[in-house]
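Notes follow once the structure below has been shown.
Positions are given from 1 along the sequence.
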Amino acid sequence: MRIFMTGANGFIGRAVVRELQGAGHTVIGLARSAETAKSLAAAGVEVHQGALTDIESLTAAASKADGVIHLAFIHGPGQLDWLQRLRVFGGGLPTGVVARFGAEITRVDSRAIDAMAGALKGSGRPFIAAFGTMGLAPGGMSEADLPDPRSPGAARAVAETAVHAWADRGVRAMIMRLPPSVHGDGDKGLVPQIIKAARKAGSADYVGNGRNRWCAVHRDDAAHLFRLALERGDGGACYHGVAEEGIAFADIAAVIARKLGIPSQSLSKRAAQKRFSWLAPFCSVDNPATSEMTRQALSWAPTKVGLLTDMEAGAYFTSARKT
């Protein structure tokens, strides 16, 4: 198949590209910049110039593909022109802009999903969009559980409804939820940010008793699951790319403390807010999740190392020094 991908040059996207190419598929990657286009071309990916905000470009690319995988998401202000203009006049975002930013990235994501899935309407072709298990309500663990607007991952999870809608319009539309830690060499997600915070503070901290849990998956296992869903997943399905159901945050902090040679300590929620800033809600959330339904439906069996082992033996602390 010829697969159009957003986020093909990202940490997860590059693993998905290799997985698809290894199975004989061709990947067309969305490139917003010349630098991204060059990187994609070097990986054997056909380049499609455009951006998540460019609806006509997304529609054109998806209409010529045999399927779509949507991995990209706006995490910072650099991809929104109006925010770029605001930042010209100072360091951080002006007061009151943060809420507008959250609403805007949700709107952009939903419109992008509608543009790409709409191009596949009535064709039965696959469309997979990535979301986070952190969008689930507290206590939600399974593929059948629904997102909660109060969750730390709510900004992305809102668009799940857009995907569900296309499953009723002749698109093999699927949701792929990923854990807060999709790990492996080159990871630039939450774990490296927590390592950076610990290095700066001189202490690897956790909130309360630290028994809140994170689920996790190695990016190569996640990439394999994307291919399985693309090739034989069911329209309307929600899949969980979860290899480890729940790792205590205190155990993550303990590895960081040991590798950096610093203490590990408990913080109150108030102190954690000051220490972790925007990371605080993620560091304190209890986000275990299962993938039992996913494993049965797609015969998915993760084989790569777990998060703590990867942190012990991988490049996390080398890359943290370079951050």
(message) Assess whether a salt bridge exists between R213 and E245, defined as any Lys/Arg side-chain N lying under 4.0 Å from an Asp/Glu carboxylate O.
(response) no
(request) Give the intermediate values and the outcome of side-chain hydrogen bond (donor to acceptor under 3.5 Å, both in side chains) for residues H25 and E231. (result) CA-CA 10 Å; H25 302 299; E231 294 174 346; 2.8 Å; yes
(request) Answer with yes or no after comparing the ring centroid distance for F249 and W214 against a 6.0 Å cut-off, counting only values under it. (result) yes
(message) The test is side chain to side chain contact (heavy atoms under 4.5 Å, CB included); show your working for D251 and R211 and say whether it passes.
(response) CA-CA 8 Å; D251 293 340; R211 303 324 294 174; 3.8 Å; yes
(request) Measure from the side-chain N and O atoms of R111 to the backbone N and O of D54, and report whether any donor-acceptor pair falls under 3.5 Å. (result) no
(request) Please examine the side chains of I113 and V163, heavy atoms only from C-beta on, and report whether any two atoms are closer than 4.5 Å. (result) yes
(request) For the residue pair E143 and T294, confirm or rule out a side-chain donor-acceptor distance under 3.5 Å. (result) yes
(request) Would you give the length of the straight line joining atom OG of S284 to atom OH of Y206, rounded to the nearest 0.5 angstrom? (result) 14.5 Å
(message) Test of understanding: clusters of I, L, V, M, F, W, Y form through side-chain heavy atoms closer than 4.5 Å, transitively. Do V191 and V242 belong to the same one?
(response) no
(message) If hydrophobic clusters are built by linking Ile, Leu, Val, Met, Phe, Trp and Tyr wherever their side-chain heavy atoms come under 4.5 Å apart, do L52 and W166 end up in the same one?
(response) yes
(message) Has H48 got a side-chain atom pairing as donor or acceptor with S57's backbone, closer than 3.5 angstrom?
(response) yes
(message) Measuring only between side-chain heavy atoms, which start at C-beta, is M5 closer than 4.5 Å to L71?
(response) yes
(message) Walk me through whether T36 and S33 qualify under side-chain hydrogen bond (donor to acceptor under 3.5 Å, both in side chains).
(response) CA-CA 5 Å; T36 298; S33 67; 3.0 Å; yes
(message) So does G208 get a backbone contact from the side chain of S266, meaning a donor-acceptor N/O pair under 3.5 Å?
(response) yes
(request) Indicate yes or no for a side-chain donor-acceptor contact from N212 to the backbone of C283 under 3.5 Å, with no hydrogens or angles considered. (result) yes
(request) Take F11 and D185 through the side chain to side chain contact (heavy atoms under 4.5 Å, CB included) test and state the conclusion after the steps. (result) CA-CA 9 Å; F11 171 68; D185 287 353; over 6 Å; no
(message) Is any side-chain heavy atom of V182 closer than 4.5 Å to one of V217?
(response) yes
(request) Begin with the C-alpha distance, continue with both residues' side-chain angles, and end with the deciding distance and a verdict on side-chain hydrogen bond (donor to acceptor under 3.5 Å, both in side chains) for Y316 and D187. (result) CA-CA 8 Å; Y316 275 89; D187 182 3; 2.7 Å; yes
(message) When you measure from the side chain of K259 to the backbone of E312, do you find a donor-acceptor pair of N or O atoms at a distance under 3.5 Å?
(response) yes
(request) Could you pull out the closest heavy-atom pair between Y239 and A297, with the gap in Å? (result) CE2-CB, 4.2 Å
(message) Quick check for you: to the nearest 0.5 Å, what is the distance between N287 atom CG and F282 atom CZ?
(response) 10.0 Å
(request) Check whether any side-chain heavy atom of L40 sits under 4.5 Å from a side-chain heavy atom of E46, and report yes or no. (result) no
(request) Hey, could you give me the CE/CG distance between M141 and L136, rounded to the nearest 0.5 Å? (result) 10.0 Å
(request) Could you tell me whether a side-chain N or O of T309 sits under 3.5 Å from a main-chain N or O of V305, the two making a donor and an acceptor? (result) no
(request) Could you check W300 against D221 for side-chain hydrogen bond (donor to acceptor under 3.5 Å, both in side chains), going step by step and ending with a plain yes or no? (result) CA-CA 9 Å; W300 180 58; D221 283 325; 5.0 Å; no
(request) Working to the nearest 0.5 Å, report the span between CD1 of I69 and CZ of R227. (result) 11.0 Å
(request) Verify the cluster assignment for V207 and L279: are they in a single hydrophobic cluster under the rule of side-chain heavy atoms below 4.5 Å apart? (result) no
(message) Applying a strict under-4.5 Å side-chain criterion to I, L, V, M, F, W and Y, I'd like to know whether I175 and L228 cluster together.
(response) no
(request) Spell out, as yes or no, whether a donor-acceptor pair under 3.5 Å connects the side chain of S264 to the backbone of A204. (result) yes
(request) Identify whether M1 and I128 are in the same connected component of the hydrophobic contact network (ILVMFWY, side-chain heavy atoms under 4.5 Å). (result) yes
(message) So, taking the atom named CZ in R2 and the one named NZ in K64, what distance separates them when rounded to the nearest 0.5 Å?
(response) 9.5 Å
(request) Answer whether the closest heavy-atom distance between the side chains of L30 and R32 falls below 4.5 Å. (result) no
(message) Would you compute the distance between atom CG of L58 and atom CG of D114 and round it to the nearest 0.5 angstrom?
(response) 11.0 Å
(request) Work out which heavy atom in P126 is nearest to a heavy atom in L230; give both atom names and the distance. (result) CG-CD1, 3.7 Å
(request) Would you check if S123 and L120 make a side-chain contact, meaning some heavy-atom pair closer than 4.5 Å? (result) yes
(message) Between E19 and D220 (side chain of the first, backbone of the second, donor and acceptor by atom type, cut-off under 3.5 Å), is there such a pair?
(response) no
(message) Any non-hydrogen side-chain atom of P263 less than 4.5 Å from a side-chain atom of Q265?
(response) no
(request) Please name the pair of heavy atoms, one in P179 and one in C215, separated by the smallest distance, quoted to 0.1 Å. (result) CB-O, 3.2 Å
(request) Please name the pair of heavy atoms, one in A280 and one in F276, separated by the smallest distance, quoted to 0.1 Å. (result) N-CB, 3.5 Å
(message) Would you say T6 and H70 are linked by a side-chain donor-acceptor pair, where the criterion is simply a distance under 3.5 Å?
(response) yes
(message) Do the side chains of R177 and E160 get close enough for a salt bridge, i.e. N-O under 4.0 angstrom?
(response) yes
(message) I need the minimum non-hydrogen distance between S181 and L307, along with the two atoms involved.
(response) OG-CD1, 3.4 Å
(request) List the steps and the verdict of side chain to side chain contact (heavy atoms under 4.5 Å, CB included) for I247 and L308. (result) CA-CA 9 Å; I247 304 164; L308 299 183; 4.0 Å; yes
(request) Mark yes or no for whether R172, through its side chain, and G233, through its backbone, hold a donor-acceptor pair below 3.5 Å. (result) yes
(message) Any heavy-atom pair between the side chains of P180 and T133 that's under 4.5 Å?
(response) yes
(request) Measure across A119 and S63 and return the closest heavy-atom pair with its distance rounded to 0.1 Å. (result) CB-N, 3.7 Å
